Amino acid sequence: MPELPDVEGFRQVLLSCGRGRRVTGVRVRDAGVLRGVGVTRLRSALEGRRLGTPWRHGKWLFVPTEDGAPPRGEDPAGAEGPVLAFHFGMTGSLRCGARDEAPAPHDRIVFTLDGPRSLRYRDQRKLQGVRLTDAAGIDRIREGLGPDALSVHKPEFEEALAGRRGAVKSELMDQSVIAGLGNLLCDEILWRARVAPRTAARDMDGRTLRGVHTAMGRVLKTSVHDRCVPPRRGWLTGRRDDGDPHCPRCGSSLRSGRVSGRRTVWCPVCQP
DNA sequence: ATAAAGTCCTGAAAGC
DNA sequence: TGCTTTCAGGACTTTA
């Protein structure tokens with residue numbers, strides 16, 4: 001599930017449910033989601049600290065923590081603490097629940113807060129997870145990421161893709177080229193831009209590349225609003241699981257195949 | 001049993 | 001030739 005729009009939704013959850021709240025408890029129900037940090041260190045690092053303003057780059061979500069002391073007038077920010085970094089893999093999510101709500105089967109970590117609610121990191125398959133990091137660690141993560149898909153402008157987008165010889169879909173999916181796009185988004189964007197997914201990026205002229213950027217912006221705008229790539233009937237995503245899927249634009253039979261190991265759906269007529 | 005919205009690793013092929 | 005980029009496949013993990 002989690003591509004950029006989903007992660008953006010989790011950021012909103014954190015903003016409304018966690019920001020400014022003190023962490024009173026950390027229950028690790030399955031340590032399999034911890035990356036590079038143990039239960040003890042995670043708890044001692046977080047308990048008593050306040051959650052700061054969450055921010056996102058690609059599919060990563062970062063949550064700074066601040067000193068646990070209540071904010072004073074002179075020192076509103078508080079001392080800098082460690083930073084929580086979430087990556088949701090294919091099945092992860094962040095939920096806001098009532099403080100005493102019984103955990104769901106895949107709630108791997110429950111963060112109890114000083115208000116009436118708690119935050120849960122839920123993940124069926126534990127493909128990625130939660131880590132504890134700092135400014136240097138964030139830099140290391142971001143070194144491997146291209147510009148964020150939601151904020152990248154046309155020239156930077158063109159530059160990121162120009163000359164790449166891989167299939168345009170593979171390049172869009174490559175987080176070191178553009179950060180945040182996943183399998184569904186890429187298919188949706190290329191369908192909207194009328195570009196076949198296996199087209200080599202370097203064979204695309206500036207005009208086509210800019211068209212992909214425009215399509216990306218439109219698809220992201222709606223998807224971020226909906227907090228997921230919406231399975232609307234007017235979108236490719238709303239058709240890809242049909243028995244015999246047809247293009248919502250021209251009615252042709254959709255094709256399905258594999259591009260860099262991922263299931264790929266496209267319209268052979270609209271995307272020559 | 002096969003497949004799944006993510007990433008990482010390997011080995012091989014392609015390109016400069 | 002050698003370096004880099006890219007691809008395919010498998011691995012991780014759990015459930016429908």
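Note that the structure is a prediction, hence the values are computed from the model and not measured.
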Counting just side-chain N and O atoms, does [X] come under 4.0 Å of either OP1 or OP2 of [N]?
X: Q175(A); N: dG6(B); value: no
X: T91(A); N: dT15(C); value: no
X: H106(A); N: dT14(C); value: no
X: R202(A); N: dC16(B); value: yes

To the nearest Å, give me how far apart [atom1] ([X]) and [atom2] ([N]) are.
X: D187(A); N: dA5(B); atom1: CG; atom2: P; result: 9 Å
X: D30(A); N: dC12(C); atom1: CG; atom2: P; result: 16 Å
X: E188(A); N: dA5(B); atom1: CD; atom2: P; result: 14 Å
X: R131(A); N: dT7(B); atom1: CZ; atom2: P; result: 12 Å
X: D203(A); N: dG15(B); atom1: CG; atom2: P; result: 11 Å
X: R240(A); N: dA5(B); atom1: CZ; atom2: P; result: 6 Å
X: L34(A); N: dC12(C); atom1: CG; atom2: C1'; result: 16 Å
X: R29(A); N: dT14(C); atom1: CZ; atom2: C1'; result: 16 Å

Side chain of [X] only, please: which of [options] is the nearest?
X: R263(A); options: dA4(B), dG6(B), dT7(B); result: dA4(B)
X: R258(A); options: dA5(B), dC7(C), dA4(B); result: dA4(B)
X: E171(A); options: dA5(B), dT13(C), dT6(C); result: dT6(C)
X: K126(A); options: dC7(C), dA5(B), dT14(C); result: dT14(C)
X: E3(A); options: dA5(B), dT15(C), dA8(C); result: dA5(B)
X: K59(A); options: dA5(B), dT15(C), dT7(B); result: dT7(B)

Name the atoms and distances for all side-chain donor-acceptor pairs under 3.5 Å in residues 131-141 of chain A, with sequence neighbours left out.
unit_1  : atom_1 : unit_2  : atom_2 : d
D134(A) : OD1    : A136(A) : N      : 3.2
D134(A) : OD1    : G137(A) : N      : 2.9

Item to complete: Kindly indicate whether a cation-pi arrangement holds for R249(A) with W191(A), taking the cut-offs as under 6.0 Å to the six-membered ring centre and within 45° of the axis.
Response: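 R249(A) over W191(A) ring: yes.
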Step-by-step side-chain contact (heavy atoms from CB on, under 4.5 Å) determination, S93(A) to F10(A): CA-CA 7 Å; S93(A) 66; F10(A) 303 146; 3.6 Å; yes
Under a 4.0 Å threshold between the charged nitrogen and the carboxylate oxygen, would D226(A) count as salt-bridged to R232(A)?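 Here R232(A) pairs with D226(A) in a salt bridge, since their nearest N and O are under 4.0 Å apart.
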Carboxylate-amine/guanidinium contact E171(A) R164(A), below 4.0 Å: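 R164(A) and E171(A): salt-bridged.
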Check: Do R165(A) side-chain and dT5(C) base share a donor-acceptor contact under 3.5 Å?
Finding: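 It does, because a donor-acceptor pair links the side chain of R165(A) to the base of dT5(C) below 3.5 Å.
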>> Partner lookup for dA5(B), please. Criteria are Watson-Crick or G-U wobble with both distances under 3.5 angstrom; report none if nothing qualifies.
In response: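 Partner of dA5(B): none found under 3.5 Å.
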Find which nucleotide of DNA chain B each of H87(A) and R125(A) is nearest to by heavy atoms, and output the residue with the more 5' nucleotide.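 By nearest-heavy-atom nucleotide position, the 5'-most residue is R125(A).
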Note to self: Need one value for R262(A): base, sugar-phosphate or nothing, where a base atom within 4.0 Å counts as base even if backbone is also close, heavy atoms only.
What the structure shows: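 Result for R262(A) = base.
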Measuring centre to centre across the rings, with the benzene-like ring taken for any Trp, is Y121(A) within less than 6.0 Å of F88(A)?
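Centroid distance Y121(A)-F88(A): below 6.0 Å, so yes.
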